[in-house]
Amino acid sequence: MFNKRVIIKDLLTWEPGSQEVTVMGWVRTFRNGQFIALNDGSTNSNLQVVLDLGKYGSEFQKRIAVSAALKINGTVIASPGKGQKLELKATSVEILGDSDPEKYPLQPKKHSLEFLREIAHLRFRTNTFGSVFRIRHALAFAIHKFFNDKGFLYMHTPIISASDAEGAGELFKVTTLPLENIPKNENGSVNFKEDFFERSTNLTVSGQLEAELGATAFGNVYTFGPTFRAENSNTARHLAEFWMIEPEMAFYDLEDNMNLAEEFIKYIIKYAVAHNREDLEFLTQRLEDEEKHLPQDKRSEMSLLQKLEFVLQHEFERITYTEAVEILKESNYNKKEKFRFPVTGWGMDMQSEHERYLVEKHFKKPVIIRNYPKEIKAFYMRQNEDGKTVTAMDILVPGIGEIVGGSQREERLDRLEQRMKEMNIPEKDLWWYLDIRRFGTVPHSGFGLGFERMVQFVTGMTNIRDVIAFPRTPGNAEF
Ligand code: 4AD
Ligand code: MG
């Protein structure tokens, strides 16, 4: 049997007592022909392996290169050296896979994140990405745990869809039509009758509409899957393929929705703080090192871990859109014309610089903004009695801006039909969505949390491309 190895993360918690074990992993460093720092991905900490000096020939020693894969048998002993409680005294070393040091692009030194993006197939082997992806895993697990413990049903909504849930037209087409010879109708339009689904289809931008169907049968459901947007935004917060968590709850109004969202965000942060201490401490130090060369006023006021603790201990600020615009208008920032996009007043779609001003400069904590103008929001949001606003809410956090978008849904058939007409959304495509309003309609609400933005917030990574394994962005689909 090959798999009788001890995981290094577990081994490092043992009391050394000459236990005989097998470990496997990849070489991080090899010093003095004697000391191997071995990493198996379970933790950022390496296991120190000590070889008997002179036991292995120089040819063999050369092969113990950075990232070579090793199988090592040995005994666990107390370490006389500083920096570790225990070490492994090797009795045998087997090279499972060589790694040519002349060609291997990662060396035990600091590489830029930009360079590492170009070798994303290898970047998991660095401390930074090891920590980021272990935290990403923990957050995903915590999300399922949170909803499962609350009795929510995990619903798998389709990836291929014939509708545009957000009505924003940022769709990736799905087709099997021959691109070099597209069948056309007499009027010149594409003849989708000849396509695989006999209609026009796209990758989904959101699982919300289908989740609403589930919520009006199961009560509380959530989706957690990939979503796709062909928006040409080359920013540090946008991906063309990102993961979204979308709970949808029957018998919830906007306030219930905001309460759930706040509880949810705090829960998963708390989970990471409790379960990923070592990785978070590493990333906290990393950020501090990175900010050392910045002038004092550009550095973060709080460390990463302090920021997370702070969010856990304070209530999110809750304001209306109208109040938010007032604050922006009255801000010194605006008066000194420091915004790139001017604050034009009520009705404006806030830019991320405005959102970040509110959370980072004004409130200095997460903010929930509710009741947006209907013109800048999707068709499905519940219309308020003022005729101008909808029962929407966005959650903004420091460093990121918008992390959650949600709303109470329009459950009144006539109001929904009227809004769809106004926005030129064909009823015939969404007959099933409207049916829910015909048969036992109820007040219901939901929201979407952008998973990568959440991972960014918890890890402190400034670019969203560094929190997803293989980012898809305009002009980039490598790996
Ligand atoms: O605000 P959005 O577009 O809302 C929806 O899709 C709703 N259907 C959600 C719902 O009510 N069920 O997107 C929700 C969140 C945003 O707040 C943001 O965090 C993230 O998804 N997001 C993106 N993340 C990365 N790259 C992109 N291009 C994103 N677009 C949205
Ligand atoms: Mg949004």
Side-chain angles (χ1 to χ4, degrees), residues 139 143 147 152 155 157 161 163-172 203-215 220-249 252 254 257-258 260-261 264-265 268 321 349-352 354-356 359 366-370 372-373 376-382 390-397 399-410 433 444-458 461 463-468 471-474 476:
L139 291 173
I143 286 163
F147 286 119
F152 280 55
M155 188 173 161
T157 51
S161 164
S163 50
D164 177 359
E166 291 302 303
E170 296 161 338
L171 305 174
F172 285 104
L203 294 176
T204 188
V205 296
S206 158
Q208 177 197 321
L209 303 191
E210 290 88 353
E212 284 186 55
L213 313 181
N220 296 332
V221 302
Y222 72 106
T223 72
F224 185 177
T227 51
F228 307 86
R229 298 202 184 169
E231 53 187 329
N232 205 357
S233 309
N234 240 320
T235 79
R237 320 178 309 140
H238 286 90
L239 291 165
E241 175 180 296
F242 65 98
W243 288 65
M244 188 156 49
I245 300 96
E246 295 184 277
E248 194 67 37
M249 297 74 64
Y252 263 53
L254 191 76
N257 201 22
M258 294 191 290
L260 182 77
F264 169 55
I265 289 173
I268 60 178
Y321 167 88
D349 201 356
M350 274 181 253
Q351 302 293 323
S352 81
H354 303 135
E355 298 177 335
R356 292 185 59 170
V359 282
V367 179
I368 311 183
I369 302 180
R370 65 177 187 283
Y372 282 80
I376 57 171
K377 288 291 180 189
F379 71 95
Y380 51 70
M381 297 188 178
R382 193 175 197 279
V390 285
T391 316
M393 63 112 174
D394 277 5
I395 302 183
L396 321 177
V397 297
I400 313 274
E402 180 191 336
I403 198 164
V404 161
S407 77
Q408 188 168 334
R409 317 308 188 190
E410 184 54 84
Y433 186 70
H444 64 287
S445 300
F447 62 86
L449 171 73
F451 186 49
E452 282 75 20
R453 290 191 189 172
M454 190 68 217
V455 182
Q456 271 189 283
F457 184 71
V458 175
M461 299 301 284
N463 197 310
I464 199 165
R465 293 165 179 81
D466 297 329
V467 298
I468 187 165
R472 271 76 181 100
T473 51
N476 182 23

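For ligands, and for the atoms within them, numbers begin at 1 and follow the listed sequence. Everything quoted here is computed from the prediction, not taken from an experiment.
Ligand 1 has no nitrogen or oxygen under 3.5 angstrom from a nitrogen or oxygen of His238. For ligand 1, none of its N or O atoms has an N or O atom of Phe242 under 3.5 Å away.
Residue-ligand proximity, Ser206 to ligand 1, at heavy-atom distances under 4.0 Å covers atoms 6 (O), 8 (N). Taking every heavy atom of Met244 and a limit of under 4.0 angstrom, the matching atoms of ligand 1 come to 6 (O), 13 (O), 14 (C), 15 (C), 21 (O). The ligand atoms of ligand 1 that sit less than 4.0 angstrom from a heavy atom of Gly405 are 1 (O), 9 (C), 10 (C), 11 (O), 17 (O). Close contacts between ligand 1 and Gly406 involve ligand atoms 11 (O) [criterion: under 4.0 Å to a heavy atom].
Counting only N and O atoms by type, the side chains of Gln408 and Tyr380 include no donor and acceptor under 3.5 Å apart. Under 3.5 Å, the side chains of Thr227 and Arg229 contain no donor-acceptor pair of N or O atoms. Checked by atom type, the side-chain pair Glu246/Ser206 shows a donor-acceptor distance below 3.5 Å. Glu212 and Gln208 share a donor-acceptor pair across their side chains, judged by distance under 3.5 Å alone. Of the N and O atoms on the side chains of Ser161 and Ser163, at least one donor lies less than 3.5 Å from an acceptor on the other residue.
For atom 6 (O) of ligand 1, the closest heavy atom belonging to the protein is Arg229 NH2, 2.8 Å. Given atom 9 (C) of ligand 1, the protein heavy atom at minimum distance is Glu246 OE2, 3.3 Å. Remark: minimum distance from atom 17 (O) of ligand 1 to any protein heavy atom is reached at Glu402 OE2, 2.6 Å. Of the protein's heavy atoms, Leu239 N, 2.9 Å lies nearest to atom 26 (N) of ligand 1. At the top of the distance list for atom 11 (O) of ligand 1, counting protein heavy atoms only, stands Arg409 NH2, 2.9 Å.
Remark: the backbone N or O of Thr235 is not paired with any side-chain donor or acceptor of His238 at under 3.5 angstrom. A donor-acceptor pair is defined here as one N or O able to donate and one able to accept, closer than 3.5 Å; no such pair exists between the side chain of Glu452 and the backbone of Ile464. Formation of a donor-acceptor pair under 3.5 Å by the Asp164 side chain with backbone atoms of Gly169 is found in this model.
Between Asp394 and Lys377 there is a salt bridge, with a side-chain nitrogen of the basic residue lying less than 4.0 Å from a carboxylate oxygen of the acidic one.
Heavy atoms of Phe228 found under 4.0 angstrom from ligand 1: none, in either backbone or side chain. With a heavy-atom cut-off of 4.0 Å, Arg237 touches ligand 1 through its backbone alone. By the criterion of a heavy-atom distance under 4.0 Å, the backbone of Val404, and not its side chain, is placed next to ligand 1.
With 2.8 Å as the limit, Glu402 counts as an N, O or S neighbour of the Mg ion (ligand 2).
Relative to atom 19 (O) of ligand 1, the option among Val397, Thr223, Ile403 with the closest non-hydrogen atom is Ile403.
Proximity of Tyr380 to ligand 1 is established by a heavy-atom distance of less than 4.0 Å.
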